[in-house]
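Beneath this line is the structure, given in structure tokens, with notes to follow.
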Amino acid sequence: MAYEHILVFREGAVGRVQLNRPQALNALNAALMAELVAAFREFEQDPGIGCLLLHGSDRAFGAGADIKEMAEMGAIDMYTRDHISLWDEVARVKKPIVAAVSGYCLGGALELAMLCDIIVASETAKFGQPEINIGVLPGAGGTQRLTRAVGKSLAMEMVLTGRMLTAQESLAAGLVSRVVPVEAYLSEAQKLAAEIASKSPLALRLAKEAVLQSFETPLSAGLAYERRLFALAFASEDQKEGMQAFAEKRQPQWKGR
Ligand code: CAA
């Protein structure tokens with residue numbers, strides 16, 4: 001499939017998508033988001049792909065939803081066109097997604113990065129929800145996911161002032177898993193994605209589902225959920241193979257079932 005706003009690469013078992021609207025700092029218009037969802041769906045259905053990787057340019061992962069596209073929209077347009085449901089589609093991806101973030105990661109782009117499972121940041125990354133400066137508030141999950149990621153006080157400061165976090169601040173707050181020099185953030189994220197892609201696809205799916213469930217349930221219900229998925233893993237050939245390979249001191253051969 002030909003795309004206008006993204007570049008798509010298949011690198012071994014990693015499906016890589018680069019946001020590619022440099023003239024607008026990768027502002028996320030509806031067309032770009034639709035392409036992103038289509039590319040992710042293709043990778044999701046490809047049994048040869050174990051992990052997805054999403055990034056932008058060194059200057060900008062993304063500057064947010066496209067302000068020029070939204071400026072003249074009314075509430076009913078916003079409700080009926082429902083572009084924001086495209087972010088929900090990313091949330092439905094079952095394979096792990098690594099985001100490699102450099103430069104600006106603002107508004108809807110931060111909301112997109114937070115839908116990814118792991119964020120690797122370059123030292124130049126700047127994370128913010130600046131919607132307050134254009135007379136609105138985050139609309140693609142920022143008030144909820146940022147608060148869960150960094151806690152109430154810092155989330156409130158970011159959402160109410162629009163202040164951007166540095167990469168180091170975002171690491172200290174737990175928003176990202178590591179900070180890497182700008183020359184290396186993408187290759188580091190590629191290595192991480194390749195490592196994840198080398199695991200059992202079935203175990204990855206169960207593990208992602210279990211961790212995400214922690215955002216939806218109280219602890220006791222989350223633990224019960226985890227226990228059921230853990231038991232389910234024992235119905236798989238990959239569990240038998242993984243444990244047998246450990247005992248035989250060899251690398252496991254995953255089947256994804
Ligand atoms: N939407 C549309 N175009 C954007 C954009 C956006 N979010 N962000 C940047 N651009 C465009 C600029 O208009 C500019 O285009 P022109 O050359 O045609 O004028 C080009 O990208 C380069 O941007 P700047 O000249 O502004 O670059 P800069 O280096 O001076 O500033 C910046 C960079 C601080 C990121 C600044 O561009 C900026 O503040 N952008 C807007 C950030 C923002 O408010 N994001 C939130 C959007 S709303 C949202 O995301 C809602 C939601 O929750 C779903």
Side-chain angles (χ1 to χ4, degrees), residues 3-7 17-37 40 54-93 97 99-116 119 121-150 152 154-167 169-170 173 175-176 182 185 215:
Y3 296 112
E4 188 187 343
H5 303 300
I6 60 172
L7 301 172
V17 177
Q18 177 172 14
L19 305 174
N20 189 38
R21 276 189 86 204
Q23 71 283 10
L25 299 182
N26 292 333
L28 305 170
N29 62 13
L32 183 155
M33 285 302 297
E35 290 185 5
L36 176 64
V37 168
F40 275 7
L54 177 64
H55 65 103
S57 67
D58 290 354
R59 183 170 175 218
F61 177 81
D66 192 312
I67 298 170
K68 294 167 191 169
E69 186 179 63
M70 290 185 296
E72 298 306 323
M73 282 171 76
I76 301 302
D77 293 328
M78 194 53 86
Y79 183 75
T80 53
R81 289 194 212 165
D82 196 19
H83 292 160
I84 287 178
S85 64
L86 292 164
W87 274 254
D88 298 341
E89 295 291 322
V90 176
R92 278 193 262 279
V93 172
I97 312 174
V101 172
S102 182
Y104 295 112
C105 182
L106 304 177
L110 175 52
E111 292 164 311
L112 176 61
M114 287 190 291
L115 292 174
C116 300
I119 305 177
S122 94
E123 284 170 349
T124 64
K126 297 181 195 70
F127 296 90
Q129 296 283 172
E131 289 89 345
I132 201 76
N133 297 325
I134 52 170
V136 290
L137 69 158
T143 61
Q144 305 304 300
R145 291 199 175 88
L146 186 66
T147 307
R148 284 164 166 79
V150 306
K152 176 188 160 191
L154 187 53
M156 279 288 191
E157 184 184 330
M158 293 171 71
V159 170
L160 300 185
T161 70
R163 181 172 85 79
M164 297 180 210
L165 297 189
T166 63
E169 279 180 293
S170 70
L175 180 61
V176 310
V182 66
Y185 78 98
F215 292 101

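It should be emphasised that the depicted structure is a prediction, and the values quoted were computed from it without experimental measurement. Both ligands and their constituent atoms are indexed starting at 1 by order of listing.
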Discussion item. Counting only nitrogen or oxygen atoms and a 3.5 angstrom limit, does Arg59 reach ligand 1?
Written reply: yes
Discussion item. In this structure, does ligand 1 have an atom that sits under 4.0 Å from one of the heavy atoms of Gln23?
Written reply: yes
Practice prompt. Indicate whether atom 26 (O) of ligand 1 is within a distance of less than 4.0 angstrom of some protein heavy atom.
Written response: no
Item to complete: State the atoms of ligand 1, each with its element, that fall below the 4.0 Å cut-off from a heavy-atom position in Gly139.
Response: 52 (C), 53 (O)
Item to complete: Would you kindly specify which portion of Lys126 sits under 4.0 Å from ligand 1, judged on non-hydrogen atoms: side chain, backbone, both or neither?
Response: neither
Fill in: Proximal atoms of ligand 1 relative to Ala65 (non-hydrogen, under 4.0 Å)
1 (N), 6 (C), 7 (N), 47 (C), 49 (C), 50 (O), 51 (C), 54 (C)
Fill in: Mode of Glu111 contact toward ligand 1 - side chain, backbone, both, neither (heavy atoms, under 4.0 Å)
side chain
Fill in: Ala27, any N or O under 3.5 Å of ligand 1 N or O
no
Worksheet item: Which heavy atom of the protein is the closest neighbour of atom 41 (C) of ligand 1, given with residue, atom name and distance?
Response: Ile67 CD1, 3.7 Å
Worksheet item: Just wondering, do Val176 and Phe127 contact through their side chains at under 4.5 Å, heavy atoms?
Response: yes
Worksheet item: Is Met70 close to ligand 1, meaning an N/O of one under 3.5 Å from an N/O of the other?
Response: no
Fill in: Asp66 CG to Leu28 CG distance, which is reported to the nearest 0.5 Å
8.5 Å
Worksheet item: Where the closest heavy atom to atom 48 (S) of ligand 1 is concerned, which of Leu112, Leu137, Ile134, Leu25 has it?
Response: Ile134
Scan the side chains in residues 103-115 for donor-acceptor partners under 3.5 Å anywhere in the protein, sequence neighbours excluded, and list what turns up.
unit_1, atom_1, unit_2, atom_2, d
Glu111, OE1, Gly108, N, 3.3
Glu111, OE2, Gly139, N, 3.4
Glu111, OE2, Ala140, N, 2.9
Glu111, OE2, Gly141, N, 3.2
Glu111, OE2, Gly142, N, 2.7

Worksheet item: Looking at side-chain heavy atoms only, is the closest gap between Leu19 and Leu32 below 4.5 Å?
Response: yes
Worksheet item: Going by distance only, is there an N or O of Trp87 that falls short of 3.5 Å from an N or O of ligand 1?
Response: no
Practice prompt. Enumerate the atoms of ligand 1 whose separation from the nearest heavy atom of Gly64 is less than 4.0 angstrom.
Written response: 50 (O)
Discussion item. If we set the cut-off at 4.0 Å for heavy atoms, which region of Asp66 has an atom near ligand 1: side chain, backbone, both, or neither?
Written reply: both
Worksheet item: Starting from atom 31 (O) of ligand 1, which protein heavy atom do you reach first, and at what distance in Å?
Response: Tyr104 OH, 4.3 Å
Response to the item:
Nearest non-hydrogen protein atom to atom 10 (N) of ligand 1, with distance, is Ala24 O, 3.8 Å
Practice prompt. Any atoms of ligand 1 less than 4.0 Å from a non-hydrogen atom of Lys68? List them with their elements.
Written response: 12 (C), 13 (O), 15 (O), 16 (P), 18 (O)
Discussion item. Holding to salt bridge (Lys or Arg N to Asp or Glu O under 4.0 Å), I want the full list of residues that pass it with Arg163, two or more places apart in sequence or in another chain.
Written reply: Glu157, Glu169
